[in-house]
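Report on the structure given below.
Below, chains carry the letters A, B, ... as their sequence lines are ordered, and counting in each starts from 1.
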Protein chains: 2
Amino acid sequence: MTCPCRVLCLVPKPECSKAQGQLPRHRATGPALAKQVMALPLFSGLDHDVLERLMADSTALNLERRSLLFSAGAPADCFYIVLDGQVKLSALTPDGRESIVEVFTPVSSFGEAAMLSDSVFPLHAEVIEDATLIRVGRRAFVATLKSDPVVGYRMLAGMCRWHQRLASEIHHLKQIPPWQRVAEFLLALTDAHAGQAVVSLPFNKEILASRVGIRRESLSRVLARLRDMGVSTEGNSVRIDDVASLRQRCNAAQ
Amino acid sequence: MTCPCRVLCLVPKPECSKAQGQLPRHRATGPALAKQVMALPLFSGLDHDVLERLMADSTALNLERRSLLFSAGAPADCFYIVLDGQVKLSALTPDGRESIVEVFTPVSSFGEAAMLSDSVFPLHAEVIEDATLIRVGRRAFVATLKSDPVVGYRMLAGMCRWHQRLASEIHHLKQIPPWQRVAEFLLALTDAHAGQAVVSLPFNKEILASRVGIRRESLSRVLARLRDMGVSTEGNSVRIDDVASLRQRCNAAQ
DNA sequence: TTTCGTGCCTGACGAAAGTCAAGGGCACCC
DNA sequence: GGGTGCCCTTGACTTTCGTCAGGCACGAAA
């Protein structure tokens, strides 16, 4: 179920429109899609034609929930961009439990690290919500990278920003108590700086718990506690009564 | 207190030897130094002449403990390589406590992220053990990066590996209990796979505690508990009676 | 010598997370 | 209707971490 036309074709050719019919979850096509992809940290600041060259031998994939993209140890001759749905990267702890390292939602990319360096994926990747992905082939990507000096520089800068995000997450895990991590996660879902806000959780609570580094039972308790701070949850919809007040509490707290 | 000669000069000129006298902590000079620097993730796989071009306007620094390299918000027109000593990167939590994000020991680099993207440092950097650093200027670095297509590619791959390390650390912080993180930290200090091993802690316990994400009191308790597993500490020297057994316990544990 | 600061350990206590177990609500399917 | 699986919540209990406080060893400064 791959798209035969160029992934980023700005003006889909007639024969492509049929192919795109096979990709019902393609919310954005043509220019809009390109715009989303160009917003990725890896690609930020790159020209559109460079992008097309980078992704010359890429294909789109439609995968159902529970599809295994790759297992740890598989050869990494490509990386992936999530256009829709969700993909989780997980490791297996020695005692057999699963540990979710990261969950990728639209629009984000993963696997470049393995493709560019190790050539072997270090983690498992599984689709956890029916997904549309771009599979970026190694050949054209690396060739373009080597041919154009600016490309590498721009991508490097993008990676660096990403690196900072990870470093900041490490800082959070060490220094911020779980309930605050949850609160900040919720606050990050809204643009509002004051007043009421209603956000919807991007994934279920099992995964949210894993994201903030606690068990799901603990998450339930945290959410119960947050109710006293004006945070009410119903299903995956969360209402924050007073955004400013919650923000303040996060900052002021212990 | 900067070295006037080229940082990586293979054969120090006469006038340089005097300058190097000002840098008593330069353990490695010339080829040895270059070798160390080239082992950095950022530079792995680069030719020596490329390295020299990258670091054309770099200088060496000798700084005493407690020197402030830069504060959060300072313009990032360079990044640093630690040749000797230690530098900590820290953030200030809203309530004024310090949070150590990372500690850099020889030979490692930091600040590239800020230099290449934001042009502002997001963290504070302070020397915590008398240090010898290379301050890599932005101009030549970026110029070289843009002029040679392969350089960016190689550096990108290096960054990706680094990225994986961070991702794995996040995984650890979420999934591994503190005592195991300490144990694994100790195990990582030795090459031995079995039998006895004696390692020396690369920094004091306050910092070690911060590294593994617990308080120093908790670290003391953890080390006390590890004594039952044949781990005895005396000062900054740690003896592991049975490396294999400890490894197994880490893996088998809960 | 005393004094002070530093680094480290330890105990007591409370808060909070993990674990185990049970159960409710809901969709889906015979 | 009843069965089943999934997601989530709650309670009881255990474990552990953080906090506060005290104390000891050591070296530098007064």
(message) Run the ring pair (Phe, Tyr, Trp, His ring centres under 6.0 Å) test against Phe110(A) and tell me which residues pass, sequence neighbours left out.
(response) Tyr80(A), Phe104(A)
(request) Take the protein atom CH2 of Trp179(A) and the nucleotide atom P of dA16(C), then report the distance between them rounded to whole Å. (result) 10 Å
(request) Scan for salt bridge (charged side-chain N to carboxylate O under 4.0 Å, His left out) pairs involving residues 216-238 of chain A, sequence neighbours excluded, and state none if there are none. (result) Glu206(A)-Arg216(A)
(message) Taking side-chain hydrogen bond (donor to acceptor under 3.5 Å, both in side chains) as the cut-off, I'd like each qualifying pair that reaches into residues 193-202 of chain A, sequence neighbours left out, listed once.
(response) none
(request) Starting from C1' on dC9(C), measure out to CZ on Arg215(B) and report it in whole angstrom. (result) 17 Å
(message) According to side-chain hydrogen bond (donor to acceptor under 3.5 Å, both in side chains), who are the partners of Ser109(B), at least two apart in sequence or on a separate chain?
(response) Glu112(B)
(request) Using atom CZ of Arg181(B) as one end and atom P of dT16(D) as the other, report the distance to the nearest whole Å. (result) 14 Å
(request) Measure the distance from CD1 on Ile214(A) to C1' on dC17(D) and round it to the nearest whole Å. (result) 15 Å
(request) Using a cut-off of strictly less than 4.0 Å between a heavy atom of the residue and any atom of DNA chain D, enumerate the qualifying residues of residues 218-227 of chain A by number. (result) Ser220(A), Arg221(A)
(request) Grab the CD1-P distance between Ile207(A) and dC6(D) for me, whole Å please. (result) 14 Å
(request) Mind checking salt bridge (charged side-chain N to carboxylate O under 4.0 Å, His left out) for Glu169(A) and listing every partner two or more places apart, or none if nothing turns up? (result) Lys174(B)
So which protein nitrogen or oxygen atoms get under 3.5 Å of nucleotides 4-7 of chain C's nitrogens or oxygens?
| from | atom 1 | to | atom 2 | distance (Å) |
| --- | --- | --- | --- | --- |
| dG7(C) | OP1 | Arg65(B) | NH2 | 3.2 |

(request) Could you tell me how the ring of Phe121(A) sits relative to the ring of Phe70(A): parallel (under 30°), tilted (30 to 60°) or perpendicular (over 60°)? (result) parallel
(message) What is the distance, to the nearest angstrom, from the CD atom on Glu217(A) to the C1' atom on dC8(D)?
(response) 10 Å
(message) Run the ring pair (Phe, Tyr, Trp, His ring centres under 6.0 Å) test against Phe43(B) and tell me which residues pass, sequence neighbours left out.
(response) none
(request) Round to a whole Å and report the spacing from CG of Leu173(A) to P of dA17(C). (result) 14 Å
(message) From CD1 of Ile176(A) over to C1' of dC17(D), roughly how many Å is that when rounded to an integer?
(response) 16 Å
(message) Test of understanding: with side-chain hydrogen bond (donor to acceptor under 3.5 Å, both in side chains), list the residues that count as partners of Asp241(A), not counting sequence neighbours.
(response) Arg239(A)
(message) What I'd like to find out is whether the side chain of Ser168(B) reaches to under 4.5 Å of the side chain of Arg165(B), using heavy atoms alone.
(response) no
